[in-house]
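Please read the structure below before turning to the comments.
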Amino acid sequence: MKLDLLAELNAERAARRATVVVTDLATGAQRLVKEAAVAADPLSETLAAAIRSGKSGMAETAEGPRFLAVQTPPLRILCLGAVHISQALVPIAGVLGHDVIVVDPRTAFATSERFPGVQVLAEWPDEALPRLGVDRYTAFVALTHDPKIDDPGLHIALRSDCFYIGALGSRKTHGRRVERLTEAGFAPEAVARIRAPIGLPIGAVSPAEIALSIMGEITAALRLGERTAATTAAA
Amino acid sequence: MITTDQDILASAEAWKRAGRKVAVATVVETWGSAPRPVGSRLVVDEEGNFLGSVSGGCVEGAVVTEALDVIEGGAPKLLSFGVADETAWRVGLSCGGRISVFVERVEG
């Protein structure tokens, strides 16, 4: 592996863009294909399928057998609400290798003292989220308990293809949330994407346990897919 | 601190830029029950320091040894580990699976 290729690979990951490294295992010859260059590549179909699946593996290609190393951006958790649960969520997500960004317009909450080493934005979600970009490698978690803050964030998440949306609140609270979102014009299928009450049913009580149940649910959504995870959570 | 696959490639670059000799090992194929998925990586320097994993700890020792060879010689190697392999007596996967690991030197 050439150092230049390795550097490019690391730069693409930092910029949250997918890549595939195509390697001939017999010779070690390899090239890096960026997501934007896939369409023009001779192996475009194979590479596009590999990026979609997010899985690395051997492939029979017109060039012979090749190893395709797929690199997708690190998963990012957009945490709306710089609350106690978020403080517990940050280190758990860190161990799992995910990036966390905390957004909360309440400046008393959104401080780097409360969230050392994490990107904390004291902004409204409708300012911060479009700039950050809510992509399919993103999980969105609404934890403020305040519809004035949570709802605008949920609007943006529901219009995105992020892989997980969760919102804190009891069934009753969520019922009212569903009414508001429906009034705002969201279809029932869209609103049904929201996991609420948030987290896997593990009887979580403390903020740390709730954070664990949320991280478990996010992991299930990632590894099992949206539908299966929902079934698991309901069981 | 647990390293993720992301940290591993960032470390490989940093180590190389710091003047260390570096090899990267990647799981390229698995059969049956394998401890780490295809694409998992391990980075090794010329002193045998390593980050990451290609198995649950079963074959790392052997991969590091082979990686030192690759760092020295420069030619990449395709290694195979598992119950069906003759190396099973020395190093094997207790889970009964088989894995192929590609080891290459970072050049630059």
Side-chain angles (χ1 to χ4, degrees), chain A residues 1-32 50-51 53-60 65-77 91-100 117 137 219 222-223, chain B residues 1-31 34 36-45 51-54 66-67 69-71 73-80 98-108:
Chain A
M1 180 180 282
K2 295 208 166 63
L3 179 58
D4 291 354
L5 185 145
L6 179 59
E8 232 179 325
L9 198 55
N10 286 330
E12 287 301 295
R13 190 182 50 245
R16 297 190 65 77
R17 289 190 293 259
T19 56
V20 184
V21 175
V22 183
T23 306
D24 178 350
L25 297 183
T27 64
Q30 62 195 173
R31 62 193 173 95
L32 180 146
I51 287 180
S53 78
K55 289 198 176 111
S56 301
M58 293 300 300
E60 283 303 327
R66 294 289 182 270
F67 177 65
L68 308 181
V70 179
Q71 177 178 273
T72 51
L75 295 182
R76 182 165 62 179
I77 299 170
I92 300 175
V95 169
L96 291 165
H98 309 329
D99 297 341
V100 185
Y137 306 108
T219 307
L222 173 70
R223 297 302 182 198
Chain B
M1 181 65 202
I2 290 177
T3 50
T4 62
D5 285 347
Q6 284 98 30
D7 301 328
I8 291 158
L9 287 184
S11 301
E13 185 185 342
W15 288 8
K16 182 68 186 168
R17 292 199 191 282
R20 291 153 80 170
K21 292 175 182 165
V22 181
V24 175
T26 308
V27 177
V28 294
E29 267 186 294
T30 66
W31 295 267
R36 296 279 285 130
V38 170
S40 301
R41 298 196 199 260
L42 177 80
V43 51
V44 185
D45 77 1
L51 278 179
S53 69
V54 291
E66 295 285 350
D69 249 24
V70 169
I71 286 174
K77 282 190 185 183
L78 188 57
L79 313 173
S80 173
R98 268 199 306 143
I99 62 172
S100 274
V101 179
F102 184 67
V103 187
E104 60 191 317
R105 187 165 75 174
V106 178
E107 314 275 353

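A quick note: this is a predicted structure, and the numbers were derived from the prediction, not measured. The analysis underlying the following values was restricted to heavy atoms, covering all of them including side chains, and did not include hydrogens, waters or symmetry mates. Chain A is the first sequence line, chain B the second, and so forth, proteins listed ahead of strands; every chain is numbered from 1.
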Legend entry - Per-residue contact mode, A:Thr27 against chain B (heavy atom under 4.5 angstrom): backbone
Legend entry - Rounded distance [0.5 Å steps], CG in A:Leu3 versus NZ in B:Lys16: 7.0 Å
Inset, instruction - To the nearest 0.5 angstrom, please state how far the CD atom of B:Glu29 sits from the OG atom of A:Ser56. - result: 12.5 Å
Legend entry - Heavy-atom closest contact (A:Gly28 atom, B:Pro76 atom, distance): CA-CG, 4.0 Å
Legend entry - Top contributor to chain B contacts, counting heavy-atom pairs under 4.5 Å, from A:Gln71, A:Gln30, A:Lys55: A:Gln30
Legend entry - Separation between CD of B:Glu104 and CG of A:Leu25, rounded to the nearest 0.5 Å: 9.0 Å
Legend entry - Heavy-atom contact with chain A under 4.5 Å, split by part of B:Ser100: neither
Legend entry - Structural part of B:Glu13 lying under 4.5 Å from a heavy atom of chain A: both
Inset, instruction - List the atom of B:Val27, the atom of A:Phe67, and the distance in Å for their closest heavy-atom pair. - result: O-CZ, 3.7 Å
Legend entry - Test side-chain contact (heavy atoms from CB on, under 4.5 Å) applied to A:Arg13 and B:Leu9, step by step: CA-CA 10 Å; A:Arg13 190 182 50 245; B:Leu9 287 184; 4.1 Å; yes
Inset, instruction - Can you measure from OG1 (B:Thr30) to CE (A:Met58) and round to the nearest 0.5 angstrom? - result: 12.5 Å
Legend entry - Distance (rounded to the nearest 0.5 Å) between A:Met1 CE and B:Phe102 CZ: 9.0 Å
Inset, instruction - Working to the nearest 0.5 Å, report the span between CG of A:Asn10 and CG of B:Asp7. - result: 10.0 Å
Legend entry - Options B:Val38, B:Val24, B:Thr26, ranked by heavy-atom pairs under 4.5 Å with chain A, top entry: B:Val38
